[in-house]
Amino acid sequence: MKRYNPKEIEPRWQQIWDETGVYTADLQSSKPKYMAMSMFNYPSGAGIHIGHAMNYTISDVKARFKRQQGYESYHPVGWDAFGLPAENYAIKAGVSPQQSMATIIPSYHKQYKAMGWSNDWEKEIATHLPEYYKWTQWIFVQMYKHGLAYQDSRMQWWCEKDNSVLANEQVIDGKCWRHDGPDDPLVQKKEVKQWFFKITEYADELLGAIDDLDWTETVKLAQKNWIGKSKGAEVEFVIDGTDKKVTVFTTRPDTLYGATFLVLAPEHELVDGVRTDEQKQAVDAYIQAAQQKSEVERQAAKEKTGVFTGAYAINPINDQKLPIWIADYVLEGYGTGAIMAVPAHDERDNEFAKKYKLPIIRVVQNDAPDDECSHDEGTMMNSGEYDGQTSSDARENIVKTLAAQGKATEKVNYKMRDWSVSRQRYWGAPIPIINCEKCGPVLVPDEDLPVVLPELDDFKPNGDGRSALARASDWLKVACPECGGEAERETDTLDTYICSSWYMFRYMDPHNQKAIFDSEIVNKWAPVDFYNGGDHATAHLLYARFVTRFFTKIGIMENPEPFKQMLFNGKVTAGDGTMFSKSKGNGVDPLDIIAQGYGADALRTYLMFAAPLDTWIRWDSQGVPGTHRFLSRLWALVQEYLEAEERVVSEAAQKDILRATHQMIRKMTEDIEENRYNTAIAASMTAVNELYKLKVEHLARTTVWQEALEAVVVCVAPFAPHIADELWFQLGHHTSVQKDTWPEWNDKYLTQDTMTIVVQINGRLRTTLEVDTAATEDAIVMAAKSDGKVAAHLEGKEMLKTIYVQKKLVNFVVK
RNA sequence: GGGCGAGUGGCGGAAUUGGUAUACGCGUUUGACUUAAAAUCAAAUGACCAAAAGUCUUGUGGGUUCAAGUCCCACCUCGCCCACCA
């Protein structure tokens, strides 16, 4: 009997799949389409790790399942190649990022194939290739032409180590996301001229569509928080003794009578204009101190600080004079950078008022002690004519009154800012702009795209805030497309989030040289049916949704959402629950596991079996041997069958065989569809166990066994595709198991002649009965009552009630 | 501080949504095969009890119900995300 040897069969099948192109999707096919993918990979010298094995197997199983079900299933592959790590590596190693990608990417090919992933290699893409980034640049051009790309000077997060600007989401706990070690510096703010995409214009649309998405709930929530919509009003306060006005944003205009002071952010433009001469020194000192503090220190500061400006503002609702303070707990970047402080009903204002002995006036009735605050809504008090109204009525009425006088407007604010898309680094798609002294920034004409990134010897940033491209003088100097005069190319490159915001559509038409993609194909294949990754990826998903919506607005595609289903899957940690890390040397290399002889099939099956997909799994060194054992059992069963004699199998045994297989088919079909891979695999194990019991007396080369084994092989194929194809051929087939093979279950094989009835007394299990499925209620209750054990318990008791649940249970309630 | 989620054997985890708690796997124990070991096959495996019978058991305490891992209330513990956003 041949032994199960994954080392022999896996490479063989990988080669056959390659040669026959079973995983090449026909995008023009008339079959129903299905597209499953995981977030694409950032190629680095380290190769794939166990986290990749997890992520990509999840989408691979889905793609295989659908392919077997008869869908035209497309499991694409590509590389998110631009970005800082490759550039930093290039600086260190002196090898150009172009060159290192040219060697790294092919090494990934081997690793992906060794994992048995069903990628369509004909349609492979990589974001650093001119044929790809031509269209990344084209998106910038379109954004610009539609008024959604603009340039602005902003205070930006700046990482000294990278010499580059960082987006908000790239700042984690005050440090650069790539330099967050204990010795790394905190990020700084620096004024830089930046290109932005006006994503805020889509904020409401992006928010509104979230609820309908079939995505992991926490990911949806993260998107909502990120957008951070809040409804309120802007209220105008006149500064006493001047004609200057300061506008505040508040979500609680109902508490306007409770405002006892105003607070401006230190960077607020009115600060210089309002402070009195007596307070100049104190204010200047405070602002200087605030500037020196990094954002982290500001946020970490437990105690609130501030300084009085000496100026007062007039409360528009009751003409009260309110002192104007400056404090860094008010942020310049949100709302108007100024607030009305209501210490009775806002915790931060309360803390500040207590520290600086400012008055606290309660305007919403509550039970809190006098100097405590409560943000609850309720009935108004101390609010003039609004006393007795509910918060929500007062809110509406106060805004209405002030609006009539031009002193307030309803206002919606978002936490989300416009998307900063320029990076002062070399390894990215050059921004297709030419800066002309006469004409200003001018778009590179479409026919001149792509602006090819020149190969350099030295990739270090220029040190003046510009990328290495500032030193590429041949590339830099160019004639202005408008006036023909001397001009320079933009030396910023595009944020790699742009590259990844549209790659799923390029997958659908990867070699198109005339357009970003063919609309007809994309309208057929979008949205992506299944998308997964091990991160919330809030920014990536939001940007992808934004760009997709933009595409629909400019008429190149129809569906405004890129991903129909999005699964945020768990990760793999070391057995002690800590993250795998190179420095600790506790990593588990998927390729090692395969090489040890367990094979990719056992590894894939273990990863999908260990826990539900959204749960973090702890690596268990006994896990892969366990799934390997299961696959060996299946292998051995097929071998025994092939060597068995032809003979008649009893009708009862046939029924048992059919029931075991059809139960498995049903459970696996439903569970894979619903992303419950762990219980799907359990169902296949149960079936194999059942067949093992049946084989002892009934194994024979007959149709019923042939079909049962085929069903198991087919159902296991999404998880363990190599052994499946091998056994499929051994069972006499000549075409791959990977396509159009998924079986249907038949309910008639699931029925049994008898059923198990649970018998309870006062809700406690006393016995179970095997009865004929056709048995009536009366017959079942009679049988239950006369059962020996039950009768003993009923002896001498008064029968109060008999509960009968159809085909399930009898419960006698006695006293 | 805010939000979300989770507590089930020695371990990872099941439980058709109120109806036999602990599927499946790991581990452990025993037996078969073997000179022996590994591998494989078979059996057992929540706790208490020598065993049968029985009792107890889904973080803790209450409640609803004929019946609760599942529903309700209170508490404890853990995890994740966001965090001075007015």
Side-chain angles (χ1 to χ4, degrees), chain A residues 3 173 217-222 224-226 228-230 232 248-253 255 259 263 265 298-302 304 327-331 333-342 345-349 351-352 375 413-417 536 538 568 570 575 577 605-606 609-612 614-627 629-630 632-633 636 666-667 670 676 678-689 692-693 696 756-769 789 792 800-814:
Chain A
R3 278 190 63 105
D173 292 334
E217 285 301 320
T218 56
V219 174
K220 289 163 72 167
L221 193 66
K224 287 184 187 173
N225 291 340
W226 181 276
K229 180 179 184 170
S230 55
V248 306
F249 174 72
T250 177
T251 54
R252 294 294 299 275
T255 62
V263 187
R298 253 168 90 160
Q299 292 188 3
K302 292 231 166 67
K304 299 218 171 351
D328 62 9
Y329 80 90
V330 173
L331 307 175
Y334 182 76
T336 62
I339 62 157
M340 62 176 214
V342 185
H345 302 293
D346 181 281
E347 276 152 44
R348 295 148 303 179
D349 298 345
E351 194 188 317
F352 195 82
H375 52 257
N413 256 316
Y414 298 94
K415 283 190 218 174
M416 183 170 71
R417 316 286 161 79
H536 277 105
T538 309
F568 171 38
T605 307
Y606 166 66
F609 174 64
D614 57 4
T615 303
W616 286 50
I617 69 175
R618 292 181 178 206
W619 184 257
D620 174 1
S621 59
Q622 298 297 332
V624 174
T627 46
R629 190 172 305 144
F630 160 64
S632 304
R633 276 164 67 79
R666 183 172 82 151
K667 180 84 177 138
E670 291 172 351
R676 295 186 298 257
N678 58 330
T679 49
I681 293 167
S684 66
M685 290 172 167
T686 305
V688 168
N689 291 346
Y692 256 69
K693 279 180 197 141
V696 177
T756 308
I757 298 290
V758 172
V759 184
Q760 299 179 335
I761 293 167
N762 288 343
R764 303 174 73 94
L765 175 72
R766 291 303 168 189
T767 191
T768 59
L769 297 175
K789 284 182 203 162
L800 297 179
K801 215 199 250 182
T802 302
I803 312 263
Y804 173 72
V805 179
Q806 219 189 1
K807 302 197 170 190
K808 269 195 184 136
L809 120 172
V810 179
N811 186 13
F812 297 114
V813 186
V814 299

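Chain A is the first sequence line, chain B the second, and so forth, proteins listed ahead of strands; every chain is numbered from 1.
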Exercise. Which residue lies toward the 5' end of RNA chain B, Asn762(A) or Arg618(A), if each is placed at its nearest nucleotide?
Worked result: Arg618(A)
For this session: Could you pick out which residue, Arg764(A) or Ile617(A), lies toward the 5' side of RNA chain B when each is mapped onto its nearest nucleotide?
Result: Ile617(A)
Please report the distance separating the [atom1] of [N] from the corresponding atom of [M], rounded so that it comes out in whole Å.
{"N": "U77(B)", "M": "C71(B)", "atom1": "C1'", "result": "23 Å"}
{"N": "G79(B)", "M": "U29(B)", "atom1": "C1'", "result": "35 Å"}
{"N": "G25(B)", "M": "C80(B)", "atom1": "P", "result": "32 Å"}
{"N": "U57(B)", "M": "A68(B)", "atom1": "C1'", "result": "14 Å"}
{"N": "C73(B)", "M": "G10(B)", "atom1": "P", "result": "31 Å"}
{"N": "A15(B)", "M": "U65(B)", "atom1": "P", "result": "29 Å"}

Determine which nucleotide pairs with [N], using a 3.5 Å limit on both distances of a Watson-Crick or G-U wobble pair.
{"N": "U45(B)", "value": "G27(B)"}
{"N": "A21(B)", "value": "none"}
{"N": "A51(B)", "value": "none"}
{"N": "U34(B)", "value": "none"}
{"N": "G1(B)", "value": "C82(B)"}
{"N": "G9(B)", "value": "none"}
{"N": "A15(B)", "value": "none"}
{"N": "C71(B)", "value": "G63(B)"}

Looking at [N], I'd like to know if its phosphate oxygens (OP1 or OP2) sit under 4.0 Å from a side-chain N or O belonging to [X].
{"X": "Arg766(A)", "N": "U55(B)", "answer": "yes"}
{"X": "Arg629(A)", "N": "C26(B)", "answer": "yes"}
{"X": "Tyr329(A)", "N": "A86(B)", "answer": "no"}

For this session: Decide, for G12(B), between syn and anti: a glycosidic angle within 90° of 0 counts as syn, anything else as anti.
Result: anti
For this session: Using a 4.0 Å heavy-atom cut-off across all strands, classify Asn225(A) as base, sugar-phosphate, or nothing.
Result: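 If one applies the 4.0 Å heavy-atom cut-off, Asn225(A) turns out to touch nothing in the nucleic acid.
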Exercise. Between Ile757(A) and Val810(A), what is the shortest heavy-atom contact and its length?
Worked result: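 Scanning both residues, the minimum pair turns out to be CG2-CG2, 4.0 Å.
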Exercise. Between the base of G19(B) and the side chain of Gln760(A), is there any donor-acceptor pair under 3.5 Å?
Worked result: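 Donor-acceptor pair under 3.5 Å: yes.
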